[in-house]
Amino acid sequence: MIKEKIVDGAHNAPHRSLYHALGMTKEEQTRPFIGIVSSYNEIVPGHMNIDKIVEAVKLGVAMVGGTPIVFPAIAVCDGIAMGHKGMKYSLITRDMIADSTEAMVLAHGFDGLVMVPNCDKNVPGLLMAAARVNIPTIFVSGGPMLAGKVNGKKASLSAMFEAVGAYKAGKIDEKELTKFEEHTCPSCGSCSGMYTANSMNCLTEVLGMGLRGNGTIPAAYSARIELAKHAGMQIMELVKKNIKPRDIMTQKAIKNAITADMALGCSTNSMLHLPAIANECGVEFNLDMANQVSEKTPNLCHLAPAGHTYMEDLNEAGGVYAVLKELTKLNLIDTSVMTCTGKTLGENIKDSVNYNTEIIRTIDNPYSKTGGIAVLRGNLAPDGCVVKRSAVAPEMLKHEGPAKVYDSEEDAIAAIYAGKIVKGDVVVIRYEGPAGGPGMREMLSPTSAIAGMGLDKDVALITDGRFSGATRGASLGHVSPEAASGGLIAYVKDGDIISINIPEYKIELKVSDEEIAKRKQTMTIKKKTDISGCLARYAAQVSSADKGAIINKFSK
């Protein structure tokens with residue numbers, strides 16, 4: 001055991017004295033130390049139940065002879081941070097979580113870990129930490145929120161944001177807006193659509209790092225507590241067999257995750273987080289892999305915001321395993337990979353059943369023959385940009401129109417609410433990238449305002465920042481290189497024609513090379529001078545979005 005180095009022998013008596021200060025018995029000191037990383041807090045709805053999850057994990061660990069020890073991880077609620085300076089601090093917490101967890105684990109000699117995350121950056125941050133410290137680890141998330149119900153129809157946070165746009169456009173009154181406000185988010189848990197948190201919790205199952213139901217069992221269900229107990233018990237098996245994260249999160253497992261991502265219609269943020277996780281695993285990841293996989297992978301699920309089904313529906317239909325089982329019919333999933341169950345993925349999913357072919361469509365009746373995410377390239381994004389293709393209206397898969405250019409999210413929102421955006425426009429929001437933001441803000445407010453005003457089938461949005469998993473419409477994010485790095489997006493002007501062709505993976509600024517060269521001589525790249533603290537450090541160190549907005553390049 002790892003902790004023997006700091007527990008056994010006379011020279012470690014000072015360490016043991018400190019364990020006694022914790023009230024730890026000699027018997028507890030002889031058992032494997034299992035760190036339980038708890039992201040519980042009282043400000044994030046997805047985390048308010050995690051104290052109960054953690055207690056269940058502790059019980060599971062103790063039931064099979066381990067010593068559970070809890071320590072914390074921070075978490076930001078993207079919904080609460082949305083639309084103001086707070087969102088600059090969301091993505092950067094992914095690395096803070098990974099760094100602080102690494103420090104806690106290696107400083108205290110844990111033998112195994114149970115990660116208990118739930119929301120957007122918390123999950124990838126802890127997956128990165130798991131790969132980095134590489135000791136036996138298992139995940140159990142806090143679980144998804146139940147869908148709300150407004151006017152007899154299920155609803156989620158994306159509907160709430162779109163209701164604001166509808167209110168601003170005069171389509172609903174304040175009383176109706178209040179109805180959405182009070183009934184959209186009815187329980188604890190990560191927001192009920194296939195947004196970033198639920199995307200990453202589902203992909204944790206696919207990667208083999210979480211037990212069946214990790215991504216889909218609702219937070220309010222008692223089955224979530226049972227799952228946590230089983231995770232606590234299973235970590236002891238992983239310690240005994242010495243099965244580590246990098247044994248599980250291999251190149252094949254990462255490809256499985258990309259494939260499942262396409263079938264599920266996950267958030268575009270997965271194209272930031274999977275590269276970052278792969279980096280920590282020492283696995284190569286290129287954005288072009290997304291299109292290569294997408295060409296072969298049918299989109300089988302249309303959960304909100306792409307459709308009107310929710311995480312609870314996916315859970316009842318058979319969950320992630322049922323989706324994977326469907327994909328094996330096309331030989332798209334490598335079932336030989338090891339998982340945290342101690343069994344292969346194939347063994348895990350062999351008895352899975354698809355109980356509802358409307359929620360999880362069959363390979364013979366997909367929503368589309370290609371996957372939910374597309375990476376576009378062209379002169380405006382030579383290193384790529386990302387769109388949630390499954391949430392784009394068919395008439396917007398190809399679009400050409402004049403640019404309306406804004407140098408911040410706030411400026412774009414003001415223009416949208418002032419009625420300055422009209423049918424056919426391409427809204428360009430720049431200087432919101434990883435370094436230029438800094439922090440690569442997630443922008444649900446402008447996309448939901450466009451949708452709420454009924455323009456989502458007529459207007460495209462492009463940014464070097466990113467869009468929420470709750471976003472629908474022709475919203476293209478992660479434009480690389482970003483404006484602050486001299487990318488072409490910095491030189492776009494109002495009225496320039498931008499062509500978007502999602503089926504052919506192309507995006508073009510229709511301006512001559514000569515004109516672009518002139519602009520580069522006369523237009524100045526804007527640099528933010530009012531940043532300090534961790535934002536300044538992040539801006540100086542972060543990679544471009546196409547590389548996953550990573551801080552540390554993995555080296556073996």
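FYI, side chains are in, hydrogens and waters are out, and symmetry mates aren't considered; it's all heavy atoms of this structure. In this text the structure is predicted, and so the values were computed from the model without any measurement.
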Electrostatic pair E326-K329, nearest N-O below 4.0 angstrom: yes
Sequence-distant partners of D458, side-chain hydrogen bond (donor to acceptor under 3.5 Å, both in side chains), two or more places apart: none
Nearest-0.5 Å distance that lies between atom CG in N348 and atom OG1 in T341: 3.5 Å
Flag, side chain of E312 to backbone of A147, donor-acceptor distance under 3.5 Å: yes
Side-chain heavy atoms of L113 within contact of I138, under 4.5 Å: no
Atom of T137, atom of A130 and distance for their closest heavy-atom approach: CG2-CB, 4.0 Å
Sequence neighbours excluded, every pair satisfying salt bridge (Lys or Arg N to Asp or Glu O under 4.0 Å) that has a member inside residues 214-231: none
pair V57-V140: side-chain heavy atoms closer than 4.5 Å: yes
Close side-chain approach of M249 and M209, heavy atoms under 4.5 Å: yes
Donor-acceptor pairs under 3.5 Å, side chain of residues 210-219 to any protein atom, not counting sequence neighbours: which ones?
residue	atom	partner	partner atom	Å
N214	OD1	S141	N	2.8
N214	ND2	N201	O	3.0
T216	OG1	N315	OD1	2.9

Listed pairs under 3.5 Å, donor-acceptor, residues 303-310 side chains, sequence neighbours left out:
residue	atom	partner	partner atom	Å
T309	OG1	H302	O	3.1
Y310	OH	K154	O	3.2

From C191 atom SG to N118 atom CG, the distance as rounded to the nearest 0.5 Å: 9.5 Å
Residue pairs, two or more places apart or on separate chains, that pass ring pair (Phe, Tyr, Trp, His ring centres under 6.0 Å) and touch residues 170-199: none
Option passing side-chain contact (heavy atoms from CB on, under 4.5 Å) with D120 (candidates R94, H273, M200, E442): E442
Side chains of S90 and K121, donor plus acceptor under 3.5 Å: yes
Main-chain N/O of T344 paired with E347 side-chain donor or acceptor, under 3.5 Å: yes
Whether over 12 other heavy atoms sit under 6.0 Å from E174 CD: no
Sole residue of D173, L177, T178 in side-chain contact (heavy atoms from CB on, under 4.5 Å) with Y167: L177
N-O pairing of R472 and E162 below 4.0 Å: yes
Side-chain (N299) to main-chain (P366) donor-acceptor, under 3.5 angstrom: no
Non-hydrogen atoms of M453 and Y417 that approach each other most closely: CE-CD2, 3.6 Å
Gap between atom CD1 of I74 and atom OG1 of T93 - 0.5 Å precision: 5.5 Å
side-chain contact (heavy atoms from CB on, under 4.5 Å) between L272 and M440, worked out: CA-CA 11 Å; L272 280 178; M440 201 180 184; 3.8 Å; yes
Nearest heavy-atom neighbours spanning P117 and L126: CB-CD1, 3.7 Å
Salt bridge (Lys or Arg N to Asp or Glu O under 4.0 Å) contacts in which one or both residues fall within residues 411-428, not counting sequence neighbours: K404-D425
Heavy-atom check, side chain of V459 versus side chain of V427, under 4.5 Å: yes
Over-ring placement of R361 relative to Y367, 6.0 Å and 45° cut-offs: yes
Cationic N near anionic O, under 4.0 Å, E55 to K52: no
Beyond-backbone contact of V293 with D261, side-chain heavy atoms, under 4.5 angstrom: no
Modelled atom types, side-chain donor and acceptor of Y505 and E295, under 3.5 Å: yes
S190 side-chain N/O to G143 backbone N/O, donor-acceptor pair under 3.5 Å: yes
T101 side chain vs A98 backbone, donor-acceptor pair below 3.5 Å: no
Contact summary for A460 and M396, nearest pair of heavy atoms: N-CE, 3.8 Å
Any donor-acceptor pair under 3.5 Å from S39 side chain to V116 backbone: yes
Heavy-atom pair of closest approach, residues L327 and A260: CD1-CA, 4.2 Å
D464 side chain vs V479 backbone, donor-acceptor pair below 3.5 Å: no
Side chain proximity check, L127 to F139, heavy atoms < 4.5 angstrom: yes
Whether N198 side chain and M311 backbone form a donor-acceptor pair below 3.5 Å: no
Salt-bridge criterion met for E409 and R430 (N-O under 4.0 Å): no
Closest approach of N49 to C188 (non-hydrogen atoms, all atoms of both residues): CB-SG, 3.8 Å
Flag side-chain contact, heavy atom, 4.5 Å: L461 against L476: no
Spacing of SG belonging to C385 relative to CZ belonging to R377, to within rounding of 0.5 Å: 9.5 Å
M48, CE atom: more than 12 neighbouring heavy atoms under 6.0 Å: no
Working for side-chain contact (heavy atoms from CB on, under 4.5 Å), residues M262 and S390: CA-CA 9 Å; M262 297 299 168; S390 59; over 6 Å; no
Full working for side chain to side chain donor-acceptor pair (under 3.5 Å) between K325 and N354: CA-CA 8 Å; K325 183 73 173 291; N354 182 353; over 6 Å; no
Donor-acceptor under 3.5 Å (K88 side chain, G437 main chain): yes
Separation between CG of L376 and CD of E504, rounded to the nearest 0.5 Å: 10.0 Å
Stepwise side-chain contact (heavy atoms from CB on, under 4.5 Å) check, I360 with C301: CA-CA 5 Å; I360 304 171; C301 300; 4.3 Å; yes
Nearest-0.5 Å distance that lies between atom CD1 in I373 and atom OG in S294: 8.5 Å
Side-chain heavy atoms of V61 within contact of M233, under 4.5 Å: no
Polar side-chain atom of K388 near backbone of G372 as donor-acceptor pair, under 3.5 Å: no
From CA spacing to verdict: side chain to side chain donor-acceptor pair (under 3.5 Å), S199, S267: CA-CA 6 Å; S199 295; S267 163; 5.0 Å; no
Pair N151, E176: side-chain N/O donor-acceptor within cut-off below 3.5 Å: yes
I225/I53 under side-chain contact (heavy atoms from CB on, under 4.5 Å): CA gap, chis, key distance, verdict: CA-CA 6 Å; I225 300 298; I53 304 292; 4.2 Å; yes
